[in-house]
There are 2 protein chains.
Amino acid sequence: MPHNEIKADIIQSVDVAISVLMEVAANPDCRLSNIARSLGETKPRILRSLRTLEHRGLVQKTHEGGYLLGNAMLVLGTAASMQIDLVKIAGPVLESLALKAYETVQLRIRDNTEALCIAKAEPSRDLRVHAVVGRRRPLYAGSSKVLLAFLPEDLRNELLPISLDSMTARTITERAKLVQELETIRATGYCISRGEVSEQLVSVSLPVRGYDGSVLAAINIAAPAFRTQEADLDRYRSLLVEGAAKISAGLGWSR
Amino acid sequence: MPHNEIKADIIQSVDVAISVLMEVAANPDCRLSNIARSLGETKPRILRSLRTLEHRGLVQKTHEGGYLLGNAMLVLGTAASMQIDLVKIAGPVLESLALKAYETVQLRIRDNTEALCIAKAEPSRDLRVHAVVGRRRPLYAGSSKVLLAFLPEDLRNELLPISLDSMTARTITERAKLVQELETIRATGYCISRGEVSEQLVSVSLPVRGYDGSVLAAINIAAPAFRTQEADLDRYRSLLVEGAAKISAGLGWSR
DNA sequence: CTAACGGTTACGATAGACGTAACATGCGAA
DNA sequence: TTCGCATGTTACGTCTATCGTAACCGTTAG
């Protein structure tokens, strides 16, 4: 059976069960057949998975037969946010930044080859940038570039895909230009993106450092371009400097 | 093997993997051997589970070798709070109540034979009641009684344990008295607990209803007894009436 | 030094998870 | 009505994926 060559001691049943969880998370109220089809598995297998997950409260079945994440998931989720220092410490800081900047603030980490949003805070105004915990973005576009910039050179090169897909007209797609931009980011310590990911948005971002000085995450403020002047970007930047310092300090970093 | 007789199509490997998750959630930074011992499983089995979970980012290993919940868990957790109507709708209401009452507010559901806290909001004052999402309490003591009161009679009797353990001197331990109290709660529509669960605490609670009028949850405000007058309890009660109505309405209930 | 413990690997035996196939049910079209 | 095509479910025999044992490293402690 020439199936998956590389597999390091993974329990398949658990692995598909996790896939099922992810699927339910991504498609609320989805049904057995959908999941089976999306994952390319047989229905009985998925059914068994779902039953097991339901048994433990990780998913629940609506009276119409759709599946949702369950209460145990809430419990595990809040436990996670208490256990992960980064989130625990960053939470209040993000809130405070969102209040002061009156724009959306996000905390992102690098998850393998992508940037992953793991926390956010949104201002209470009608028009605002919408952030989603769990959303992934390429590392080379927009604010996420900071996560790339401070990486050891070999790893950085490894993580840069051969071709840089352009998300908007302003996305940097030339590798050389990107490398140069990363250099600038490392020098100045921050990154400003104007419409690289989404035409109408601008954002400022800064690195967050761990106890050993390594860059663990990036915080950024994202705003609609039309209401954001240069002066605002400057303000956001200094707010972020303060916020990043606070989080980094909480993680044990002393410059 | 005279082990567990009743089991309805549960995948064991997944089941223990979930147990492992729970264990990691409850004991941050715990180690392989601990988990294996707590669960009464062999080390290799748990190691395989952990590896699989780590592979998918549900847990992560600290450089010291302890295990924590991982980033994927955060994602699933926030997905859960967006999917579960009750939490989604109640969230802002709880926040607003906590602000007005300036005391801790909790949302609880019945999970089998226990009350389970699935959301909370705490005021920003130094001395406050500490609530934990995921904490379980018996159904018959304190605020949780509302969850019992509105249940169909047969189920209610089934869920009452033979002996009511007293948590404090004020816990109701006589079954007859409890039944009478439940009657009162049903009649008045709310429940006040004075030190039934913890000596120094008082709390008021009300039922939250689903689209069909069934009681899905209970919200309560808990406060230190020493700073809570009768008038405060009254205020909390009317705040809760308002809040419960808002949540119930959000769930599709029209009296 | 040995003993004890945590983590890990190897491997062969077997329980248990697997897919196939068939059944149940509902819905809509022909 | 009957047929077709979905979804969800059960049954069952096959065989594989998962299990525990045992042995192996390291490190710590005594």
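Residue numbers begin at 1 in each chain, while the letters A, B, ... track the order of the sequences.
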- Query: Do B/Arg56 and A/Ser19 get their side chains close enough for a donor-acceptor pair, meaning under 3.5 Å?
  - Reply: yes

- To the nearest angstrom, how far is B/Asn34 atom CG from C/dG7 atom C1'? 12 Å

- Item | Minimum-distance nucleotide to B/Arg45 side chain [options: C/dT8, D/dT18, D/dT7] | D/dT18

- Message: Quick check on A/Glu64: does its CD atom have over 12 non-hydrogen neighbours (other residues, nucleotides or ligands) under 6.0 Å away?
- Response: yes

- Task: Calculate the interatomic distance between A/Ile46 atom CD1 and D/dT9 atom P; express it in whole Å.
- Result: 13 Å

- Report the nucleotide, chosen from D/dG20, D/dG8, C/dT20, that has the shortest atom-to-atom distance to any side-chain atom of B/Thr42. D/dG20

- Item | From C/dA17, C/dG7, D/dT18, nucleotide with atom closest to A/Ser13 side chain | D/dT18

- Message: Whole angstroms only, please: what is the CG-P distance between A/Asp15 and D/dA17?
- Response: 13 Å

- Task: Measure from the side chain of A/Gln12, starting at C-beta and using heavy atoms only, and say which of C/dT9, D/dA17, C/dC18 lies closest.
- Result: D/dA17

- Message: Students often get this wrong, so: under 4.0 angstrom with heavy atoms, is A/Arg31 touching a base, only sugar-phosphate, or nothing?
- Response: sugar-phosphate

- Could you tell me whether B/Lys120 and B/Glu122 make a salt bridge, using a distance below 4.0 angstrom between a side-chain N and a carboxylate O? yes

- Query: When you match A/Val14 and A/Gly65 each to their closest nucleotide on DNA chain D, which lands nearer the 5' end?
  - Reply: A/Gly65

- Query: Starting at CG of A/Asp9 and ending at P of C/dA10, how long is that distance when rounded to a whole Å?
  - Reply: 9 Å

- Rounded to the nearest angstrom, tell me the gap between atom CD1 in B/Ile11 and atom P in D/dC19. 11 Å

- Task: Take atom CD1 of B/Ile35 and atom P of C/dG7, then tell me their distance rounded to the nearest Å.
- Result: 9 Å

- Query: Between B/Pro44 and B/Arg37, which has a closest nucleotide on DNA chain C that is more 5'?
  - Reply: B/Arg37

- Message: Please determine whether a side-chain nitrogen of the Lys or Arg among A/Arg48 and B/Asp9 lies less than 4.0 Å from a carboxylate oxygen of the Asp or Glu.
- Response: no

- Interatomic distance, B/Arg48 CZ vs C/dC11 P [rounded to whole Å]: 14 Å

- Write down the distance between NZ (A/Lys43) and P (C/dA24), rounded to a whole number of angstrom. 15 Å

- Query: Does a donor on one side chain sit under 3.5 Å from an acceptor on the other, for A/Arg45 and A/Ser13?
  - Reply: no

